[in-house]
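Computation of the quantities below employed the complete heavy-atom set of this structure, encompassing side-chain atoms and omitting hydrogens, waters and symmetry-equivalent molecules. Here the structure is a predicted model, which means the values were calculated and not measured.
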Amino acid sequence: MDNQRLFLLVALALVMLLVWTTWQQDYGPRQAETTAPTQEEQADAAAPEPGAADDRTADDPASPGGREDDAPGASDDTGSGADSEAIMADTVRVTTDVLDIEIPLAGGNIRQAALREHTRAVDDDTPFQLLGNTDPLFVAQSGLIGDEVEAPGHMAEWEAVAERYTLEDDADQIEVPLRWRSESGVTITRRYLFERDSYLVRVVHEVENASDADWRGYQYSQLRRTTETEGPGFLGAASYTGGVLYSPEEKYQKISFGDMDKEDISLDIADGWLAMIQHYFLAAWVPPRDQELRYYSRVSRGEYILGHSSPWQSVAAGDTQAFENRLFIGPKEQDRLDAVAAGLELTVDYGWLTIISKPLFVALDWIHDVVGNWGWSIILLTLGIKLVFYKLSETSYRSMARMRKLQPEMQKLKERYGEDRQQMNQELMQLYKKEKVNPLGGCLPILIQIPVFIALYWVLLESVELRQAPWILWIQDLAERDPFYVLPLLMGATMFLQQKLNPAPMDPIQQKIMMGLPLVFTIFFMFFPAGLVLYWVTNNSLSILQQWIITRRIEAGAKS
């Protein structure tokens, strides 16, 4: 096999993988466009009745039974009995050190959530809005469904005692209570508990039954969103956007918008969670452990709904009981995710090379803790990878250097045998055997390293830590392209220098292709994130240095 042809195929395969990813990001097919539903349509859209899909009995604690008109969102009961302390505003605003939340009293759910430590862009100090009524719609909802008793669904009217809550400097927690009352005497208090330096919100429904009869119902919690109608930036389209379920048995499962379009899901899961994720950020409902819940999905008027419902719970007359849940609204910071729930860190999706990518991120994160700059961390990590593969690279470069030394002899064979390729290949194999050169020696070590390179590519692509992270001078966001294209031009130059150190292909067509590759790579890398290009420039530069040293040694040995 021709060594140069194989090497060319390997190089083209790697670059085409990255090029295909880039093409999909900017020009590939996107989710079907939808028009954001009106408020009236949102109020009418109902998630499925948990347990109705398989007609289980109401006595089954894992799947509450009920009537079709009990579906979450179908109830228009707003309660009664005004509180003399209730405010007149229609929205409660909550501000912590990391979150800026708006809770409309119509529904009492978090419909606006901005992340104060993550801005829209480097030159825009506006906090990044994760949840909102904008396009795309993305909201978190919860409510209660009663068994022939009144209960507030996610469109019920709630009362509040304050219009604004702010986490003070000397406080570690804020509690935001909302209240709903029925005519029969049942009072339900929804409490939101926010903590300092936390994106995790506790949501508690406290049922106080002051009526003359038992109250029986269950809690549901769901995420609701539409697809993107305008494509995100360069990186956003490459990352998965859609639903996710986790269970101890099946582990991490993607429930894409396409899957939801095909059929509704209905699963009983204990110790699991659900989420809607996008590039860098997610919202997730994480229920209490050791409790089996019904997980469901539905599509209604262009809205994709993913939720779960609790078992039935009875509250005797005169008693008080509570339903609890937790809502995570924030970035995919792996340390935080791992502390919230098992498997939640898997929402940082490294794809099929996760087993390699995760250790690489751990190493990158550790280096950053030492040097305090993600750009220098990428450079040092690349250096570390080169040291790990030093012997493999050395074998490859020695083989290439010997092949380069044989170029004059190989050219003579080509001229002697002309179009008789079979005879020429036989003579080449004799030459390789005589000079003890392995024509595959330059490619096999590189093939072994390719999975590591691709894994690091996904680490740099998926890690929110690099979003808006500066390096030096003009590079103020490693997750965005180089604004002046300096790094792509350096990458093209280093690739050109590498070619000069390698033996030239004997085939004229291959020679022309190889000569054009640096230009092609440079053009494509102009649209790559600066962090990725920095990695390639560093890797190429170290490879050039190593290859130059090895080549000089071999040439010096030949002269002596």
Side-chain angles (χ1 to χ4, degrees), residues 3 6-7 9-11 13-15 17-18 21 334-335 345 348-403 438 440-463 465-466 469 471 478 487 490-491 494-495 497-499 501-502 521 525 528-554:
N3 183 51
L6 179 60
F7 181 79
L9 289 175
V10 171
L14 178 59
V15 72
L17 174 65
L18 301 181
T21 302
Q334 295 188 49
D335 291 342
E345 76 282 356
V348 183
D349 191 356
Y350 294 137
W352 58 281
L353 286 173
T354 296
I355 192 171
I356 303 175
S357 297
K358 284 190 70 71
L360 288 176
F361 174 79
V362 171
L364 183 66
D365 190 42
W366 180 84
I367 295 172
H368 177 262
D369 288 341
V370 176
V371 302
N373 182 287
W374 287 106
W376 294 116
S377 300
I378 292 172
I379 292 174
L380 291 175
L381 177 63
T382 308
L383 176 60
I385 293 174
K386 292 297 291 184
L387 290 175
V388 170
F389 288 106
Y390 180 83
K391 285 298 181 182
L392 279 176
S393 299
E394 185 179 36
T395 301
S396 175
Y397 297 147
R398 285 185 180 278
S399 178
M400 289 181 184
R402 292 192 181 103
M403 289 290 293
N438 182 2
L440 299 180
C443 295
L444 293 179
I446 294 176
L447 285 173
I448 296 173
Q449 298 176 54
I450 284 178
V452 177
F453 297 153
I454 297 175
L456 184 57
Y457 170 90
W458 283 107
V459 167
L460 300 179
L461 187 73
E462 280 290 304
S463 300
E465 289 81 0
L466 269 68
W471 178 37
L478 289 167
L487 288 177
L490 287 175
M491 193 283 305
T494 57
M495 189 174 181
L497 289 175
Q498 270 189 300
Q499 284 191 353
L501 292 174
N502 292 332
F521 273 58
F525 273 68
F528 276 38
L532 292 175
V533 185
L534 176 61
Y535 157 72
W536 280 97
V537 170
T538 305
N539 183 71
N540 284 357
S541 300
L542 293 173
S543 297
I544 289 170
L545 177 62
Q546 184 180 7
Q547 191 170 354
W548 180 78
I549 293 173
I550 291 173
T551 302
R552 288 289 299 271
R553 287 176 179 174
I554 291 177

Non-hydrogen side-chain atoms of L497 and N540 separated by less than 4.5 Å: no

Between S543 and K386, the two heavy atoms sitting closest are OG-NZ, 2.8 Å

May I ask you to decide if L460's main-chain N or O and S463's side chain share a donor-acceptor pair within less than 3.5 Å? no

Indicate the atoms forming the closest heavy-atom contact of E345 with K358, along with that distance. CG-NZ, 3.9 Å

Fit a plane to each ring of W536 and F525, take the angle between them on a 0 to 90° scale, and name the class: parallel (under 30°), tilted (30 to 60°) or perpendicular (over 60°). perpendicular

For V533 and M491, which heavy atoms make the closest approach, and how far apart are they? CG1-CB, 4.3 Å

Taking all atoms of both residues into account, what is the closest heavy-atom pair of I544 and T494, and its distance? CD1-O, 3.2 Å

In this structure, CH2 of W366 is separated from CG of L381 (nearest 0.5 Å) by 11.0 Å

Interatomic distance, CD@E462 vs OG1@T354, rounded to 0.5 Å, equals 9.5 Å

Looking only at heavy atoms, which two atoms of A530 and L487 are closest? And how far apart? O-CD1, 3.8 Å

Just verifying a value: how many Å separate L478 CG and L534 CG, rounded to the nearest 0.5 Å? 7.0 Å

Taking the six-membered ring where the residue is Trp, are the ring centres of W376 and W471 under 6.0 Å apart? yes

Working to the nearest 0.5 angstrom, can you tell me the gap between N373 CG and I367 CD1? 12.0 Å

Do L383 and T538 have side chains that approach each other closer than 4.5 Å (heavy atoms only, starting at C-beta)? no

Between the CG atom in L461 and the OH atom in Y350, the distance rounded to the nearest 0.5 Å is 10.0 Å

Please name the pair of heavy atoms, one in S357 and one in A455, separated by the smallest distance, quoted to 0.1 Å. OG-O, 3.1 Å

Can you tell me how far apart CG (L456) and CD1 (I356) are? Round to the nearest 0.5 Å. 11.0 Å

Just wondering, do L466 and I378 contact through their side chains at under 4.5 Å, heavy atoms? yes

